K.L.:
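Below is a structure I'd like to ask you about.
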Protein chains: 2
Amino acid sequence: MKEDIQKTIPLPTIRRMPNYLRVTADFLEEGKEWISTTDFSEILGLKPIQVRKDLAFTGLAGKPRLGFEVSLLIKAINDVLGWNNRTDAILVGAGALGSAILGFKGFAEHGLNIVAAFDANPALVGSTIHGKTVFSLDKLDNLVERMGITMGVITVPEAVGQETADRMIKAGIRGIWNFSPVTLRVPDDIIVQREDLSSGLAVLSVKLSENRI
Amino acid sequence: MKEDIQKTIPLPTIRRMPNYLRVTADFLEEGKEWISTTDFSEILGLKPIQVRKDLAFTGLAGKPRLGFEVSLLIKAINDVLGWNNRTDAILVGAGALGSAILGFKGFAEHGLNIVAAFDANPALVGSTIHGKTVFSLDKLDNLVERMGITMGVITVPEAVGQETADRMIKAGIRGIWNFSPVTLRVPDDIIVQREDLSSGLAVLSVKLSENRI
DNA sequence: TAGATTGTTAATCGATTAACAATC
DNA sequence: TAGATTGTTAATCGATTAACAATC
């Protein structure tokens, strides 16, 4: 373990990476060759020192006076995030939120390739949402296994969140992007990322009520 | 300022509050009268000490051996979050994500009342999504002002995120729930809460690639 | 009473921020 | 060269965790 000193990236840094990526991609589109900490800090409203600390984790060296080379930085950030490799995924729960996620074009740029959707509702089975076919739930295991899929997106109602996760894991899914408001109980080697809209609303509500007084 | 010692609630604590609320509401439904730190820690996968620290911010006193009184705790958490008061809101961008948000019934329980939706697309104007009418954008200012609405939800594409925020603020909106992947530039007294799906995907991607090796 | 659980005070950990020398 | 910007080392800040006395 001694040589494993290349400290692991802090979670907040990981969360900010997509923002750096987006800004840098905008610079590329505008034909700019260099981007500096100052640029990022102005556009993203962050302290320059924080940007420098974050970008250090890409392993890239900047040039004093110029900053970072746009094309190299894009590559480096994508490498850090693993977004240069395609990850196949399935989605379970083709309701309103599921449909919205199936429709995001941005995910494809981040290497996320949702190959199919599943839903318990027979009325949805067989339909196509944003180009993805909706399958019956009992087709899940076979498809996941056959295609070696490792990531699953859960957009089902709270009541069936856990059983959906169980089913995914049994089929071979290793990482779960959970949009249902449940804390999933999973084995240690399964990664769960929960998106919690209520948390965001809570923060907004508290800040708004603090501010109003 | 000296007497303002009642320390402000840490952001991570605020984010966890809705989880405590949900679990407690489940207990109420099951007819249980008491809920303890141990209960929370098992269901939510948190350390007991963290739960105790968090619940302290409700100002409620627990009873040794029993824990907290379910009905009182629900009330207390809702008070902390300001969810006992109704907040009227509008939503701009009635696309896939906007529709999904209009459809969530959970928000109403959190005091969030989306009264109307707006969209630039004439094809959507006049339609009804989950019971909310979609108006043309030029109706926004008048409606917000007339109804004294303070919260706005932004579910428009990245390119028009900033101008949507500008328009909301000019009309009188004080708090913005921003689902578009832009860092909004707003005056100091405006609260912005950004939901960033890319950040979540980034965390999941990194963890998954670390794990796979 | 015995013991589970609370609440408080102190210790630890990790992220942010500051300071400053190095460099193109 | 002068000065903007990088990268590194140290200081600060805030949240989590630990320890333990208080209590029903």
Side-chain angles (χ1 to χ4, degrees), chain A residues 4-17 19-20 23-24 27 32-70 72-73 76-77 80 183 199 202-203 206-207 210, chain B residues 1 4-17 19-20 23-24 27 32-70 72-73 76-77 80 199 202-203 206-207 210:
Chain A
D4 196 353
I5 294 299
Q6 30 170 351
K7 346 167 201 47
T8 142
I9 310 185
L11 220 90
T13 297
I14 298 175
R15 301 195 77 97
R16 285 188 290 267
M17 283 293 178
N19 297 332
Y20 299 133
V23 171
T24 314
F27 267 53
K32 293 172 184 163
E33 201 174 338
W34 297 92
I35 187 164
S36 76
T37 287
T38 320
D39 295 325
F40 284 116
S41 74
E42 279 166 7
I43 296 170
L44 296 173
L46 301 171
K47 303 241 161 92
I49 172 65
Q50 183 167 58
V51 177
R52 260 181 290 155
K53 263 281 157 65
D54 283 344
L55 294 185
F57 284 97
T58 63
L60 217 60
K63 272 210 178 43
R65 289 278 285 163
L66 291 169
F68 295 81
E69 217 179 318
V70 165
L72 291 181
L73 186 54
I77 296 177
V80 166
T183 304
S199 288
V203 173
V206 171
K207 284 191 187 160
E210 277 170 356
Chain B
M1 289 291 171
D4 196 354
I5 293 298
Q6 30 169 352
K7 347 171 200 45
T8 143
I9 308 186
L11 221 88
T13 298
I14 298 176
R15 302 195 77 97
R16 286 187 290 268
M17 283 293 177
N19 297 333
Y20 300 132
V23 171
T24 314
F27 267 53
K32 293 170 183 164
E33 201 175 338
W34 297 92
I35 188 164
S36 76
T37 288
T38 321
D39 295 326
F40 284 117
S41 74
E42 278 166 7
I43 295 169
L44 296 172
L46 301 171
K47 303 242 161 89
I49 171 66
Q50 185 167 58
V51 177
R52 259 181 291 155
K53 263 280 158 65
D54 283 344
L55 294 186
F57 284 96
T58 63
L60 217 60
K63 270 208 179 44
R65 288 280 283 162
L66 290 169
F68 295 81
E69 217 179 316
V70 165
L72 291 182
L73 186 54
I77 295 176
V80 165
S199 289
V203 174
V206 170
K207 284 190 185 161
E210 277 169 357

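These figures come from a predicted structure and were not determined experimentally. Chain naming here is simple, since letters A, B, ... match the order of the sequence lines and numbering starts at 1 in each.
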K.L.:
Starting at CZ of A/F57 and ending at C1' of D/dG7, how long is that distance when rounded to a whole Å?
P.N.:
13 Å
K.L.:
How many whole angstroms separate atom CG of B/D54 from atom P of C/dG7?
P.N.:
13 Å
K.L.:
Under 4.0 Å: is that the gap between some side-chain N or O of A/T37 and OP1 or OP2 of D/dT5?
P.N.:
no
K.L.:
CZ of A/F68 versus P of C/dC24: gap in Å, rounded?
P.N.:
14 Å
K.L.:
If you restrict it to nitrogen or oxygen atoms, what contacts under 3.5 Å exist between nucleotides 9-11 of chain D and the protein, and what is each distance?
P.N.:
| from | atom 1 | to | atom 2 | distance (Å) |
| --- | --- | --- | --- | --- |
| D/dT9 | O4 | A/K53 | NZ | 3.0 |

K.L.:
Angle, rounded to 10°, between the helical axes spanning five pairs at each terminus of the helix from C/dG3-D/dC24 to C/dC24-D/dG3?
P.N.:
10°
K.L.:
Do A/V80 and A/Y20 have side chains that get closer than 4.5 Å, going by heavy atoms?
P.N.:
no
K.L.:
If I take atom CD1 in residue A/I9 and atom P in nucleotide C/dA15, what distance separates them, rounded to the nearest angstrom?
P.N.:
11 Å
K.L.:
Is any side-chain heavy atom of A/M17 less than 4.5 Å from a side-chain heavy atom of A/T58?
P.N.:
yes
K.L.:
Of the non-hydrogen atoms in A/T24 and A/I35, which two are nearest, and what is the gap between them?
P.N.:
CA-CD1, 4.1 Å
K.L.:
Looking only at heavy atoms, what is the nearest atom pair of A/S36 and A/L66, with distance?
P.N.:
CB-O, 4.0 Å
K.L.:
Got a donor-acceptor contact below 3.5 angstrom from the B/S199 side chain to the A/R15 backbone?
P.N.:
yes
K.L.:
How about B/T37 and B/P48: do any of their side-chain heavy atoms sit closer than 4.5 Å?
P.N.:
yes
K.L.:
Taking only residues two or more places apart in sequence or in another chain, which ones pass salt bridge (Lys or Arg N to Asp or Glu O under 4.0 Å) with B/K32?
P.N.:
B/E30
K.L.:
Starting at the 5' end of DNA chain C, which residue's closest nucleotide do you reach first, A/L11 or A/R52?
P.N.:
A/L11
K.L.:
Between B/I14 (CD1) and D/dT16 (P), how many Å, whole number?
P.N.:
12 Å
K.L.:
Measuring only between side-chain heavy atoms, which start at C-beta, is A/F27 closer than 4.5 Å to A/I43?
P.N.:
yes
K.L.:
Let me know the distance between CD1 of B/I35 and P of C/dT5, rounded to the nearest Å.
P.N.:
12 Å
K.L.:
Tell me which pairs pass salt bridge (charged side-chain N to carboxylate O under 4.0 Å, His left out) where either residue lies in residues 36-53 of chain A, with sequence neighbours left out.
P.N.:
none
K.L.:
Please work out which residues in residues 58-66 of chain A have a non-hydrogen atom less than 4.0 Å from an atom of DNA chain D and list them by number.
P.N.:
A/L60, A/A61, A/G62, A/K63, A/P64, A/R65
K.L.:
Using whole Å, report how far CD of A/Q50 lies from C1' of D/dT8.
P.N.:
17 Å
K.L.:
Starting from the 5' end of DNA chain C, give me the residue, A/T13 or B/A56, whose nearest nucleotide shows up first.
P.N.:
B/A56
K.L.:
Using whole Å, what does the distance between atom P of nucleotide D/dT12 and atom NZ of A/K47 come to?
P.N.:
16 Å
K.L.:
Of all residues at least two apart in sequence or in a different chain, which pass the salt bridge (Lys or Arg N to Asp or Glu O under 4.0 Å) check with A/R16?
P.N.:
A/D54
K.L.:
I need the minimum non-hydrogen distance between A/K63 and A/W34, along with the two atoms involved.
P.N.:
CD-CH2, 4.1 Å
